[in-house]
Amino acid sequence: MSEQDAKRDPNEKRDSKHFIQQAIDADLASGRFSGVFTRFPPEPNGYLHIGHAKSICLNFGLAKEYDGKCNLRFDDTNPTKEETEYVDSIMEDIRWLGFEWDSLHYASDYFEQLYEWAEKLIVEGDAYVCDLTAEETREYRGTLTAPGKNSPYRDRTAKENLDLFRRMRAGEFQDGSRSLRAKIDMASPNINMRDPVMYRILRATHHRTGDKWCIYPTYDWTHGQSDSLEQITFSICTLEFENHRPLYDWYCQKLGIHHPRQIEFAKLKLSTLLIGKRHMLRMVKEGFVKGWDDPRMPTLCGYRRRGYTPESIRNFCADAGIAKFNSTIDIVRLENAVREHLNAVAPRRMAVLDPVKLTITNWPEGKVEMTDAVNNPGDPSEGKRKVAFSGSLLIEREDFREEAPRKFFRLKKGGAVRLRAGYIVDCHDVVKDKEGNVIEILCTYDPDSRSGSDTSGRKVKGTIHWVSAEHAVEVDVRLYDRLFTVENPGDPEEGKTFVDYLNPESLKVVTGYVESELGKAKLGDRVQFERLGYFVVDPDSTEDRIVFNRIVSLRDTWGKMEAKGKTG
RNA sequence: UGUCCCAUAGUGUAAUUGGCAACACGACAGAUUCUGACUCUGUUAUUUUAGGUUCAAGUCCUAAUGGGACAGCCA
């Protein structure tokens, strides 16, 4: 133990901080801010996914870490895309992840304040009503390399602008016929500063304000001001808003209001996953998956149904780190985080998913023995349970070979294997059908080899799982696998789309035979089927038939050896 | 012929802010094992390049190269 401590000592810098924490420390030290107040600002136009989880963990995590606050604010400035349905699911998902907001807000709550501030900018000559159409506005904006040119309406008087803007609000003009723009610099190398639009005329029913407004503020004109109103200190967002920061700052400065600091970080990207809204929408709409909460979806509700734990997702996000580099994290890290947590908390059970009959020829007719099985070898306090052992068992077809390579440690003809929490059995014969398939394995058992009280002294290399045929409970098992077969399905080669990379085996449904203990399993229960993986009880379960989802398989060293032909 | 941002093992992040490049995951090799799981051990790097500053550079400066973001009245 002291040796371990000595080894750990030089690496004692576990408190190393990422660049946002360092920025916060600096601002706190300099007195720029006196506390940490963050916010998570989703647009209620879709379901939260694993990428949002990173942002949620960051924002809520920072608030917790610095003893500050974190709000939930719905960025609902585009009535054509947003719905209350999403608001509810977003709140549910955040809570499931294990976070609670300090207070709940909607950007739409600030529409009136925003409007007043817009008038202020008009009066001060910092904003004007522009009659250019959307298309004309684009033409006037210039390009990435060429400066834009001033709108012919740029020099209207404050009085005229105010009148026009009020009439915009009053509904006197057609949708899209005019806009309110900030008067900044049409020659700015940063396109966001070329007189950005603040308001558009848009007759659409808003999910909260109904038909009260026919003009709606744009993101840039809303976000920073909302942050300011809530006294946010650190407005954390993703990298694509980096070029918007000058505008964020410009609005706050012109208005002379509380000025939060916007800090950008790289959003999460995971291999084999498609997180984009349109991609996910297409998967759902075209039936590649069964809905937003399909266990193969990268949505939080999908992962929830899949059986992932909030802890494992949080651990994963912490593990992934915060940086400004656009990186892709290997999906196995997420899967590993899930295994790591479930290994600690999921009770072990036995289940056979591809059964073949194993008959013990020297087992007393009709005898049933209750043996002890350990619930979690890593945690003795989890105790033991009784499992019914009999002369007629089911084992995994994969665990038997008539002819087997040298390193096959399971059951083979003429060989022996330990039945977990049971006896050692010796295979002496097999029964086959007309096609030559093995339909029954005949064994003898060693009465002195019972688990827990083995006096046989025998050492066998392999241990396999089993269930007693007459005691097993039949269940449905959904074997989920990755939805896509390639690292980056979002970057298809010529002439292909992400659809071409869908994994046809992302879902296999089989009938499983589980130990009787599992007949009592309840919705949401997570267990490890020994040697197979982690499974959760799905909501589709009924009174008389339980449905299990495979959360994630166990690491399969043997499978890898076989794939590489290293089985000796 | 723009502006901004980024570059450290295969992957992702560190490096006490200028002082012996570390951790995790993967991969590989081995140990252990009544789960081929878990656990444990070992291996895995001229810090993109070229200059410069310095006793000392992953860290500061300049340039190059490579990558990313931006031309919605989306967010």
Side-chain angles (χ1 to χ4, degrees), chain A residues 10-18 22 41-43 45 75 77-78 80-82 130 132-135 137-139 141-148 175-176 178-181 188-194 196-202 215-216 218-220 222-223 237-246 264 266 271 277 319-330 332-333 336-337 339-340 343-344 348 350 373-374 376-378 407-410 418-422 424 449 451-452 454 459-465 528-533 553-561:
Chain A
N11 312 328
E12 204 52 80
K13 38 197 167 187
R14 291 214 36 69
D15 55 342
S16 78
K17 296 186 172 185
H18 55 68
Q22 290 176 15
E43 183 188 13
N45 71 341
D75 228 330
T77 57
N78 186 352
T80 63
K81 293 188 175 174
E82 295 144 8
C130 180
L132 257 26
T133 64
E135 197 165 323
T137 304
R138 189 187 335 124
E139 282 161 15
R141 186 156 32 228
T143 68
L144 291 176
T145 52
D175 282 12
R178 279 175 229 257
S179 62
L180 184 73
R181 296 225 258 161
S188 171
N190 182 343
I191 291 184
N192 295 303
M193 300 298 272
R194 317 237 263 230
V197 170
M198 296 168 63
Y199 277 93
R200 67 268 208 186
I201 303 175
L202 179 61
I215 57 172
Y216 289 96
T218 55
Y219 166 84
D220 286 309
T222 308
H223 200 88
C237 60
T238 48
L239 250 29
E240 65 266 34
F241 293 104
E242 227 160 8
N243 295 341
H244 292 241
R245 181 155 27 97
E264 312 85 10
S271 65
K277 215 155 274 168
D319 186 52
I322 303 296
K324 298 191 74 161
F325 179 67
N326 276 304
S327 59
T328 302
I329 299 183
D330 195 325
V332 301
R333 288 176 151 248
N336 248 305
R339 288 192 185 103
E340 187 182 22
N343 177 51
R348 315 288 125 122
M350 289 200 284
V374 180
N376 189 336
K407 290 186 181 170
F408 183 83
F409 301 149
R410 285 109 100 142
R418 154 77 61 189
L419 293 175
R420 179 107 162 123
I424 291 173
S449 67
S451 291
D454 187 321
K459 284 258 180 200
V460 290
K461 189 68 183 161
T463 300
I464 63 173
H465 60 275
Q528 182 196 103
F529 288 172
E530 292 219 30
R531 305 209 306 133
L532 296 175
S553 63
L554 253 33
R555 253 189 29 208
D556 182 15
T557 307
W558 169 250
K560 268 184 221 159
M561 286 166 63

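Atoms considered below: every heavy atom in the structure, side chains included; atoms not considered: hydrogens, waters and symmetry mates. Each chain gets a letter, A, B and so on, in the order the sequences are listed, and its residues count up from 1.
Within 4.0 Å (heavy atoms only), A/Phe325 reaches sugar-phosphate atoms of the nucleic acid but no base atom. Across all strands shown, A/Pro377 has heavy atoms under 4.0 Å from base atoms, whether or not it also approaches the sugar-phosphate. Contact annotation for A/Arg339: no contact, since no heavy-atom pair falls under 4.0 Å across all strands. Heavy atoms of A/Thr557 sit under 4.0 angstrom from primed sugar atoms or phosphate atoms, though from no base atom. Using a 4.0 Å heavy-atom cutoff across all strands shown, A/Ile424 reaches no nucleic acid atom at all. Using a 4.0 Å heavy-atom criterion, one finds that A/Met561 contacts the bases of the nucleic acid, with or without backbone contacts as well. When heavy atoms are screened at a 4.0 angstrom cut-off, A/Arg418 is found touching base atoms of the nucleic acid. At a threshold of 4.0 angstrom between heavy atoms, the contacts of A/Gln528 include nucleobase atoms, whether or not backbone atoms are also involved. The residue A/Ala266 sits apart from the nucleic acid: no heavy atom pair falls under 4.0 Å. Here A/Gly452 lies in heavy-atom contact (under 4.0 Å) with a base. Here A/Lys407 lies in heavy-atom contact (under 4.0 Å) with a base. Across all strands shown, A/Phe408 has heavy atoms under 4.0 Å from base atoms, whether or not it also approaches the sugar-phosphate. Within 4.0 Å (heavy atoms only), A/Arg245 reaches no atom of the nucleic acid at all.
In this structure, a donor-acceptor pair under 3.5 Å is present between the side chains of A/Thr80 and A/Asn78. Counting only N and O atoms by type, the side chains of A/Arg531 and A/His465 include a donor and acceptor under 3.5 Å apart. A donor-acceptor pair shorter than 3.5 Å can be found between the side chains of A/Thr238 and A/Glu240.
Residue-to-nucleotide contacts include no donor-acceptor pair under 3.5 Å from the side chain of A/Arg348 to the base of B/rA37. Judged by distance alone with a 3.5 Å cut-off, a donor-acceptor contact links the side chain of A/Arg410 to the base of B/rG36.
Look at the P atom in both B/rG66 and B/rA50: the space between them is 16 Å, to the nearest Å. To the nearest whole angstrom, the two P atoms, one in B/rA45 and one in B/rA21, are 13 Å apart.
No side-chain donor-acceptor contact under 3.5 Å links A/Asn192 to the backbone of A/Pro246.
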Encode nucleotides 69-75 of chain B as B, S and - characters from 5' to 3', where the letter depends on protein heavy atoms closer than 4.0 Å: B to the base, S only to sugar-phosphate, - to neither.
BBBSBSB

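In this structure B/rU35 sits in the anti conformation; its chi angle is more than 90° from 0.
By the 4.0 Å N-to-carboxylate-O rule, A/Lys81 lies too far from A/Glu43 to be salt-bridged with it. Under a 4.0 Å N-O distance rule, the pair A/Arg418/A/Asp454 qualifies as a salt bridge.
Closest approach to the A/Val332 side chain among B/rU35, B/rC25, B/rC5 is made by B/rC25 (side chain taken as heavy atoms from C-beta onward). If you check B/rC38, B/rG36, B/rU11 against the side chain of A/Asp330, the one that comes closest is B/rU11.
Within 6.0 Å of the CD atom in A/Gln22, the count of heavy atoms belonging to other residues, nucleotides or ligands exceeds 12.
The closest side-chain heavy-atom distance from A/Arg181 to A/Met198 is not below 4.5 Å. Using a 4.5 Å heavy-atom threshold, the side chains of A/Ile191 and A/Leu144 count as touching. The side-chain heavy atoms of A/Gln528 and A/Arg339, taken from C-beta on, include no pair separated by under 4.5 Å.
In summary, the aromatic rings of A/Phe409 and A/Trp558 are positioned with their centroids too far apart to meet the 6.0 Å limit.
A stem is defined here as three or more consecutive Watson-Crick or G-U pairs, each with both distances under 3.5 Å; for RNA chain B these stems are B:2-7 with B:65-70, B:10-13 with B:22-25, B:26-31 with B:39-44, B:48-52 with B:60-64.
Between A/Lys459 and B/rU33 there is no side-chain N or O to OP1 or OP2 distance below 4.0 Å.
Mapped onto RNA chain B by nearest heavy atom, A/Ala323 and A/Gly422 fall at different nucleotides, with A/Ala323 at the one closer to the 5' end. Toward the 5' end of RNA chain B, the nearer of the two residues A/Glu530 and A/Ser327, judged by each one's closest nucleotide, is A/Ser327.
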